[in-house]
Amino acid sequence: MNFLAHIYLSGENEMITIGNFVADAIRGNKYKLLSPEFQVGVKLHRHIDTFTDAHPIVRQSTKRLHKNYSHYSGVIVDILYDHFLAKNWHKYSDMPLEQYIDNFYDSLKAHFDILPERFQKLMPFMIADNWLLSYAEVEGIQRVLNGMNRRTKHKSGMNLATNELKEFYAEFEDEFTRFFEELIATSNAKRTELTKAYNL
């Protein structure tokens, strides 16, 4: 899953949320040097990724893209699923998306010093362009895919994937909706298990 989903699935604990958000920048067992709440966030992130990558519904979405985007298909699906989470946010939270995202940005600013360097560099651009809120519109997803394509030196062709999003919009949305209910359940269970293990 992409940024918005990881943040949402973290629950209400601020440090667990930040740990989940930055987990991709923390390699191997280095998370053990961090605070217990941060460790929970990293472990939760890895559980979410493992569950997502193996899930048959996600593989169905990925298969639709594989011919044109090969091993980048999974990355694209993560981004598309964040679009459907943002678009349908009212189904998953009572707090308006804009307020939820502003609260998260405030949290990042307050804990800037503990963010990995990669995310310290990323954060100003994320906030200035309001990436998370932009996910709700296809135009916002297009900008994300454009950026991802540039990072692959234009080898991935990911910038073209909004064509498939538009063509198979109903199919992708249905797959996201069915999958996300299961992801919420497993994430809540894993978070409860981890917080108990760490006596939080």
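By convention here, the first residue in the shown sequence is residue 1.
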Can you classify the ring geometry of Phe176 versus Tyr81 as parallel (below 30°), tilted (30 to 60°) or perpendicular (above 60°)? perpendicular

Where do Gly74 and Thr62 come nearest, in terms of heavy atoms and distance? N-CG2, 3.9 Å

Flag, side chain of Asp82 to backbone of Tyr135, donor-acceptor distance under 3.5 Å: no

Among Phe3, Tyr105, Tyr8, which one satisfies ring-ring contact (aromatic ring centres under 6.0 Å, His included) with Phe21? Phe3

Measuring only between side-chain heavy atoms, which start at C-beta, is Leu33 closer than 4.5 Å to Phe38? no

Contact between Asp49 and His6 at the side-chain level, heavy atoms closer than 4.5 Å - yes or no? yes

Determine, step by step, whether Met148 and Ile76 satisfy the side-chain contact (heavy atoms from CB on, under 4.5 Å) criterion, reporting the C-alpha distance in whole Å, the side-chain angles of both residues, the deciding distance to 0.1 Å, and the verdict. CA-CA 9 Å; Met148 297 294 288; Ile76 295 169; over 6 Å; no

Phe180 and Lys91, any side-chain heavy atoms less than 4.5 Å apart: no

With rounding to the nearest 0.5 angstrom, report the CD to OH distance, Gln39 to Tyr198. 4.0 Å

For Gln99, is the CD atom crowded, meaning more than 12 foreign heavy atoms sit under 6.0 Å from it? yes

Should Glu175 and Arg64 be marked as a salt bridge (Lys or Arg N to Asp or Glu O under 4.0 Å) after you check the CA-CA gap, both sets of side-chain angles, and the distance that decides it? CA-CA 12 Å; Glu175 287 157 5; Arg64 192 176 293 117; 2.7 Å; yes

Leu200 and Pro36, any side-chain heavy atoms less than 4.5 Å apart: yes

Taking only Lys NZ, Arg NE, NH1 and NH2, and the carboxylate oxygens of Asp or Glu, determine whether Lys87 and Glu137 approach each other closer than 4.0 Å. no

Flag side-chain contact, heavy atom, 4.5 Å: Asn20 against Val42: no

Residues Asn2, Val75; criterion side-chain contact (heavy atoms from CB on, under 4.5 Å); working and verdict: CA-CA 8 Å; Asn2 203 44; Val75 177; over 6 Å; no

Does the pair Arg143 and Asn146 meet the rule for a side chain to side chain donor-acceptor pair (under 3.5 Å), with working shown? CA-CA 5 Å; Arg143 287 194 293 273; Asn146 288 345; over 6 Å; no

I'd like to know whether Phe112 forms a side-chain contact (heavy atoms from CB on, under 4.5 Å) with Leu108, so could you lay out the CA-CA distance, the side-chain angles of the two residues, the decisive distance to 0.1 Å, and finally the verdict. CA-CA 6 Å; Phe112 181 84; Leu108 287 184; over 6 Å; no

For Tyr169 and Phe84, I'd like to know if the aromatic rings sit close, meaning centre-to-centre distance below 6.0 Å. yes

So which atom in Asn159 and which in Gln142 form the shortest heavy-atom distance, rounded to 0.1 Å? O-NE2, 2.7 Å

What one should report as the nearest heavy-atom pair of Tyr69 and Ser156 is CD2-O, 3.6 Å

Partner of His83 under side chain to side chain contact (heavy atoms under 4.5 Å, CB included), chosen from Asn88, Leu4, Ile141: Ile141

So does Gly41 get a backbone contact from the side chain of His45, meaning a donor-acceptor N/O pair under 3.5 Å? no

Just do the side-chain contact (heavy atoms from CB on, under 4.5 Å) check on Leu80 and Ser61 with the steps written out, would you? CA-CA 10 Å; Leu80 300 189; Ser61 293; over 6 Å; no

Checking Arg46 now: which residues fulfil side-chain hydrogen bond (donor to acceptor under 3.5 Å, both in side chains) with it, not counting sequence neighbours? none

Smallest separation among heavy atoms of Leu115 and Gln120, with atom names: O-NE2, 3.3 Å

When you check the side-chain N and O atoms of His47 and Ser187, is any donor under 3.5 Å from an acceptor? no

Pair Glu182 + Arg178: basic N to acidic O under 4.0 Å: no

Note: Thr17 and Ser10 closest approach over all heavy atoms is OG1-CB, 3.3 Å

Donor-acceptor pair, Asn13 side chain versus Met15 backbone, under 3.5 Å? yes

Heavy-atom distance under 4.5 Å between the side chains of Val58 and Asp53, does that happen here? no

On the 0 to 90° scale, with breaks at 30° and 60°, tag the Tyr100-Trp89 ring pair as parallel, tilted or perpendicular. tilted

Side chain proximity check, Thr195 to Ile16, heavy atoms < 4.5 angstrom: yes

Does Ser70 use its side chain to pair, donor to acceptor, with the backbone of His66 at less than 3.5 Å? no

For Ile101 versus Leu133, what's the shortest heavy-atom pair and its separation? CD1-N, 3.4 Å

Is there a side-chain contact between Asn68 and Leu160, using heavy atoms and a 4.5 Å cut-off? no

